[in-house]
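Chain A is the first sequence line, chain B the second, and so forth, proteins listed ahead of strands; every chain is numbered from 1.
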2 protein chains.
Amino acid sequence: MPNTYEYPRPALTVDIVVFALDAEDLQVMLIQRDLEPYKGHWALPGGFVRIEETLEGAARRELQEETGVRDIFLEQLYTFGSLNRDPRERVVTVAYYALVNLEGHDVRASTDARNAAWFPVNDRPKLAFDHTTILDAAYERLRGKVRYQPIGFELLPEKFTLRQLQHLYEVILDRELDKRNFRKKVLGMGIVKETNEIEKDVAHRAARLYRFHKRSYDRLFKRGFNFEI
Amino acid sequence: MPNTYEYPRPALTVDIVVFALDAEDLQVMLIQRDLEPYKGHWALPGGFVRIEETLEGAARRELQEETGVRDIFLEQLYTFGSLNRDPRERVVTVAYYALVNLEGHDVRASTDARNAAWFPVNDRPKLAFDHTTILDAAYERLRGKVRYQPIGFELLPEKFTLRQLQHLYEVILDRELDKRNFRKKVLGMGIVKETNEIEKDVAHRAARLYRFHKRSYDRLFKRGFNFEI
DNA sequence: CCAAAAGTGTTAAAACTACACCCATGA
DNA sequence: TCATGGGTGTAGTTTTAACACTTTTGG
């Protein structure tokens, strides 16, 4: 008999918290459920782990199927296994968080016959299952990690202004930063390289565009350098 | 038919990396396997998650069954799910790491008819499965986390000397620290309280004993205080 | 010519680093 | 009385934090 085991096994799923940044806020992508339980509620994208795919593989597949997003920064967050997470049966979920830049990826607001949409992290609907707990954990991880690892760049287009970068940190850390000190610090680290382009279509002096220089960062990191905003 | 599912499911296990500190080194607890595969090899304590217990519950149960250790600091590390971790079938494991103080807990070197023993983290045998990867990840997590969260105290007895605390950081961070600067910093944070006891049975001037003051730490932490060694 | 954001240095305060000697205790 | 670690302060350097004006550009 296939799929029969000596002892009962929990179902295993992945759920993904996808963050993006618009001009105002940090956003999270949610999907409206079309099945019970929690039909009609908003939830994190996710689904079952297949027997022949890795956890990260499952996360990437679900993300593409449900939101059209691919080739993005994805990192494991935490595994949630409390007993009554899902009213149907025991389900253990491995949660991931992802960072995308809204310009570079064609994140459709609706795919796969489901309703997908961005919500501000701080102004979101009630979520299905324990997804509020998962989202809170992801947000906290992001806030913590962004300070000492240069993952924030994943939320920006390849070329960005220092103002955009500062805005990113201000939104995530939820406090204002001093412009001069911020520039001094970021430029002093030598991990962004200026391009010879400037931003376009702005109604004021155009700012220089910079690019994250992973090569420099990796070199510094190996020497014990501590990226810290 | 019980334990039969529509789709195949991976087995779900927990594995625990238990760290302790002796006078010299950081140690890790390993168990010698008495069954195939990897019979006779050393491995991390761990085992299957039962359908009616949480992940952390499974970790604590296995830890007690296999090593006799209980009531200790335990934190989820990472979930490992690559396809061929286990030669028998697909097994996903949720790894935890634990910190114990050798004085306070009666960690028997052998229980449950198995052979359990401490090994220096930097001088350990080859491990079964992907347990070397798991141990390395735990060690890295410990090194990272100990610097900005006061989890190191879990490796010490309730009352400890500042020298012991400094030694702990030197071993984990693998570098020497300046005695005066270290004391200045730790005492300046106000998160250890001196007791009016001194150490005993030492062949030199006895040092004052201190105690970690969680209350003060929690208060500072809420105000955004950043514990940093 | 106005509105809006770009870009740019200095100074005071705080934190960090390096460093050496006397003291108390038990063997 | 000797060996061992306990305990203590200062000075130079580096890092951080606070702060305001001129320039460029498009509307």
Side-chain angles (χ1 to χ4, degrees), chain A residues 21-24 146-148 150 156-157 159-171 173-211 220 223-229, chain B residues 21-24 146-148 150 156-157 159-171 173-211 220 223-229:
Chain A
L21 197 68
D22 71 5
E24 308 297 317
V146 86
R147 293 192 49 189
Y148 62 92
L156 295 178
K159 296 168 190 167
F160 51 85
T161 68
L162 292 183
R163 156 149 286 270
Q164 285 178 291
L165 186 62
Q166 180 176 343
H167 173 71
L168 181 161
Y169 280 98
E170 290 181 334
V171 167
L173 301 179
D174 195 28
R175 66 185 162 100
E176 298 208 337
L177 301 172
D178 179 88
K179 181 165 62 159
R180 276 174 292 190
N181 292 338
F182 181 82
R183 299 176 143 248
K184 210 183 310 175
K185 182 139 202 174
V186 170
L187 294 176
M189 289 181 187
I191 61 169
V192 298
K193 279 258 181 301
E194 70 174 36
T195 68
N196 42 27
E197 292 171 68
I198 55 173
E199 60 180 338
K200 286 178 181 146
D201 302 321
V202 287
H204 53 78
R205 176 172 174 183
R208 163 146 271 121
L209 294 175
Y210 291 80
R211 180 200 304 271
L220 284 166
R223 294 187 199 162
F225 168 78
N226 196 10
F227 176 87
E228 177 108 31
I229 295 293
Chain B
L21 196 69
D22 72 5
E24 308 296 317
V146 86
R147 292 193 51 191
Y148 62 91
L156 296 178
K159 295 169 191 167
F160 50 86
T161 67
L162 293 183
R163 155 149 287 271
Q164 285 178 289
L165 186 62
Q166 179 176 345
H167 173 70
L168 181 160
Y169 280 97
E170 289 180 335
V171 167
L173 301 179
D174 195 28
R175 67 187 161 98
E176 299 207 336
L177 300 172
D178 180 87
K179 180 165 60 160
R180 275 175 293 190
N181 294 337
F182 181 83
R183 299 176 143 248
K184 209 183 312 177
K185 181 138 203 177
V186 169
L187 294 177
M189 289 182 189
I191 61 169
V192 298
K193 279 259 179 303
E194 70 174 37
T195 68
N196 43 27
E197 293 171 65
I198 55 173
E199 59 181 339
K200 288 180 179 144
D201 302 321
V202 287
H204 53 78
R205 176 174 173 181
R208 163 145 272 120
L209 294 176
Y210 291 80
R211 179 199 305 269
L220 285 166
R223 295 188 201 161
F225 169 77
N226 195 11
F227 176 87
E228 177 107 32
I229 294 294

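Taking a cutoff of 4.0 Å between a charged side-chain nitrogen and a carboxylate oxygen, A:R175 and A:E170 do not qualify as a salt bridge.
Between A:R208 atom CZ and C:dA5 atom C1' the separation is 16 Å, expressed in whole Å. A:H167 has its NE2 atom 18 Å from the P atom of C:dA4, to the nearest Å. One atom, CZ of A:F160, and another, C1' of C:dA6, lie 16 Å apart when rounded to the nearest Å. Across the protein-nucleic acid pair, A:Q164 atom CD and C:dA6 atom C1' stand 14 Å apart, rounded to whole Å. Per the geometry, CZ belonging to A:F182 stands 16 Å off C1' belonging to C:dA5, to the nearest Å.
The CG atom of B:L187 sits 9.0 Å away from the CZ atom of B:F182 when rounded to the nearest 0.5 Å. To the nearest 0.5 Å, the span separating CZ on A:R183 from CZ on A:R163 amounts to 9.0 Å.
Formation of a donor-acceptor pair under 3.5 Å by the A:K185 side chain with backbone atoms of A:E228 is found in this model.
Contact annotation: the side chain of B:L220 never approaches that of B:F227 to less than 4.5 Å [non-hydrogen atoms, C-beta and beyond]. Between B:H204 and B:E199, some side-chain heavy-atom pair lies under the 4.5 Å cut-off. Counting heavy atoms from C-beta outward, A:L209 and A:I198 have side chains that stay 4.5 Å or more apart.
Among the protein residues, B:R183 comes within range of the nucleic acid bases, having at least one heavy atom under 4.0 Å from a base atom.
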* **Letter per nucleotide, 5' to 3', of nucleotides 18-26 of chain C [B base touched, S only sugar-phosphate touched, - untouched; heavy atoms, 4.0 Å]** => BBB--BBBS
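Looking at which nucleotide of DNA chain C each of A:E199 and B:E228 is closest to, the 5′-most match is held by A:E199.
On the nucleic acid side, DNA chain D has its first and last nucleotide under 4.0 Å of a heavy atom of chain B at D:dT4 to D:dT10, going 5' to 3'.
A search for salt bridge (charged side-chain N to carboxylate O under 4.0 Å, His left out) contacts involving B:E176 returns nothing, not counting sequence neighbours.
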